[in-house]
2 protein chains.
Amino acid sequence: MSRYLNSYYVNKNGMDKNELRNKLISTATRLFAERGLNGVSIRELSKSAGVSISMISYYFGGKEGLYSSVLQEQFSSFEQIDDINKTDSEALAKIEAYIRWIIVRHRNNPYLLRFYTSELTNPTQFFPSIVQPAIGNVIQILVQIIEDGIAKNQFRKDLNPVDTVLAMAGMVNYYFLSTLATQELINHSPERDQELIRHYMDIFTKGILS
Amino acid sequence: MSRYLNSYYVNKNGMDKNELRNKLISTATRLFAERGLNGVSIRELSKSAGVSISMISYYFGGKEGLYSSVLQEQFSSFEQIDDINKTDSEALAKIEAYIRWIIVRHRNNPYLLRFYTSELTNPTQFFPSIVQPAIGNVIQILVQIIEDGIAKNQFRKDLNPVDTVLAMAGMVNYYFLSTLATQELINHSPERDQELIRHYMDIFTKGILS
DNA sequence: CACATTATAACGAACGTTCGATTTATGGTG
DNA sequence: CACCATAAATCGAACGTTCGTTATAATGTG
């Protein structure tokens, strides 16, 4: 119920302008992740957010605009991977940091689990400016890490960097994907995360070390 | 334009009863894979198949019935993996056979690339009898292959079979998923497939052999 | 005639968008 | 301080479109 400095209007809902906007974004994030763009009507969405339906057009220019905003917010987190590459660590440590990063991201972000989908690869066509640079950026950085490791004789010389990156990311991703597909609950404990990271790193490093 | 034995009627379209049904299934398979259940209207679908809209209700009892038939057909192919396990090969050879199988399946079957999605995990809820046994069966068989390999001292004793299966499948899957996400074309050549299989097996076996 | 299929129309429901009315906070004016 | 005009924020109803389904009459085939 708190007010924002740049807002002078408080509605009978008790939400001010920014609260209302955020409520729409967070509700849309959850619902679109669960059922896709076409799987959610703005009537249900606005009702679930406790807000009038017209607010979606008012603030986001319509349903697609809201969807675009959600994607923008979700994929902006990809930029954080730059930090991993800037450290002085060895290539292997960087890779472990990346695996840790992608696991945490997947835990909190259903869009990373689902952005391959028909509903969400359409956005890569409709909103290529949001999704493609994010993915491309991650792949590029990881390829560079692998290439560094090869150059410093830490990794096998015959590795194909791009395929290796995809293999590595795949090991982590697929665990979550299959967990979803088989309808099992994702166990959120940090201990299980640690166990996973250790396990994947173990398999992976034996395959790439020189 | 060939006739089927159990059909005596040939329409002015030149399609007989079974051809019409198959045309609907194949068109629906393509369109649903591209855009999901909610992304395609039966008006567009029937038009694209060159068939009257009423035929969908007539033959499949409606849109969901058609979708269910498509899923059924797609996931029935999962049973083929049983054959791999029945051979006398070593565990490693079985795994290579599985990787080959999943690559070929993914090439021909967009549903295997997309069944994790919001559009298609909904079907795992709405049609659990179709999707879940198929996936569960594959995982179960592969876990057994790994366990056999461990028991025969071919693989490391400390491997977690389930996680190892997911890691292995992930390496292959992720290649296709990221290929989709980054909008690159999937290169269909058998040579590229061979190269991929060799590459993944190379990384993977170094990680699991005892 | 029986059957398969078409084209068409109609249905109610749901969709995303638009619009006029209302509520609220603000700043100017006396 | 009281008043008022204004602009921003919000609402709910209404609009036109599309959806999946169903019914119907007409047409072609065996």
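So you know, we letter chains A, B, ... as the sequences are listed, proteins then strands, and number each from 1.
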Does [Y] offer a backbone N or O that forms a donor-acceptor pair with the side chain of [X] under 3.5 Å?
{"X": "A/Ser26", "Y": "A/Lys23", "value": "yes"}
{"X": "A/Ser68", "Y": "A/Glu64", "value": "no"}
{"X": "A/Ser41", "Y": "A/Glu44", "value": "yes"}

Work out which heavy atom in [X] is nearest to a heavy atom in [Y]; give both atom names and the distance.
{"X": "A/Ala91", "Y": "A/Gly149", "result": "CB-CA, 3.8 Å"}
{"X": "B/Phe155", "Y": "B/Ile145", "result": "CE1-O, 4.5 Å"}
{"X": "A/Ile146", "Y": "A/Pro161", "result": "CG2-CA, 4.0 Å"}

Answer with base, sugar-phosphate or nothing: what part of the nucleic acid does A/Ser57 contact at a heavy-atom distance below 4.0 Å?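 Counting heavy atoms under 4.0 Å across all strands, the contact made by A/Ser57 includes a base.
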Would you mind classifying the nucleic acid contact of A/Tyr58 as base, sugar-phosphate or nothing, using non-hydrogen atoms under 4.0 angstrom?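 Base: the residue A/Tyr58, judged by heavy atoms under 4.0 Å, touches a nucleobase.
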[N] [atom2] sits how many Å from [X] [atom1], rounded?
{"X": "A/Ile56", "N": "D/dA9", "atom1": "CD1", "atom2": "C1'", "answer": "15 Å"}
{"X": "A/Leu20", "N": "D/dA9", "atom1": "CG", "atom2": "P", "answer": "10 Å"}
{"X": "B/Lys47", "N": "C/dA7", "atom1": "NZ", "atom2": "P", "answer": "11 Å"}
{"X": "A/Glu19", "N": "D/dA9", "atom1": "CD", "atom2": "P", "answer": "14 Å"}
{"X": "A/Met55", "N": "D/dC11", "atom1": "CE", "atom2": "C1'", "answer": "7 Å"}
{"X": "B/Lys23", "N": "C/dT6", "atom1": "NZ", "atom2": "P", "answer": "11 Å"}
{"X": "A/Asn38", "N": "D/dT18", "atom1": "CG", "atom2": "C1'", "answer": "12 Å"}
{"X": "B/Lys63", "N": "D/dT21", "atom1": "NZ", "atom2": "C1'", "answer": "12 Å"}

Side chain of B/Ile42: nearest nucleotide among C/dT17, D/dC11, D/dG20?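 Of C/dT17, D/dC11, D/dG20, D/dG20 is nearest to the side chain of B/Ile42.
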Any idea which of D/dC19, D/dA9, C/dT6 is nearest the A/Tyr59 side chain?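 Closest of the options to the side chain of A/Tyr59: D/dA9.
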With the criterion being N/O to N/O and under 3.5 Å, what pairs connect the protein with nucleotides 13-16 of chain D, and how long is each?
unit_1, atom_1, unit_2, atom_2, d
D/dA14, N6, A/Arg43, NH2, 3.4

Side-chain N or O of B/Ser41 less than 4.0 angstrom from OP1 or OP2 on D/dT18?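 No, outside the criterion.
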Just jot down the salt bridge (Lys or Arg N to Asp or Glu O under 4.0 Å) partners of A/Glu90, sequence neighbours excluded, or say none.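 Counting only residues at least two positions away or on another chain, A/Glu90 forms no salt bridge (Lys or Arg N to Asp or Glu O under 4.0 Å).
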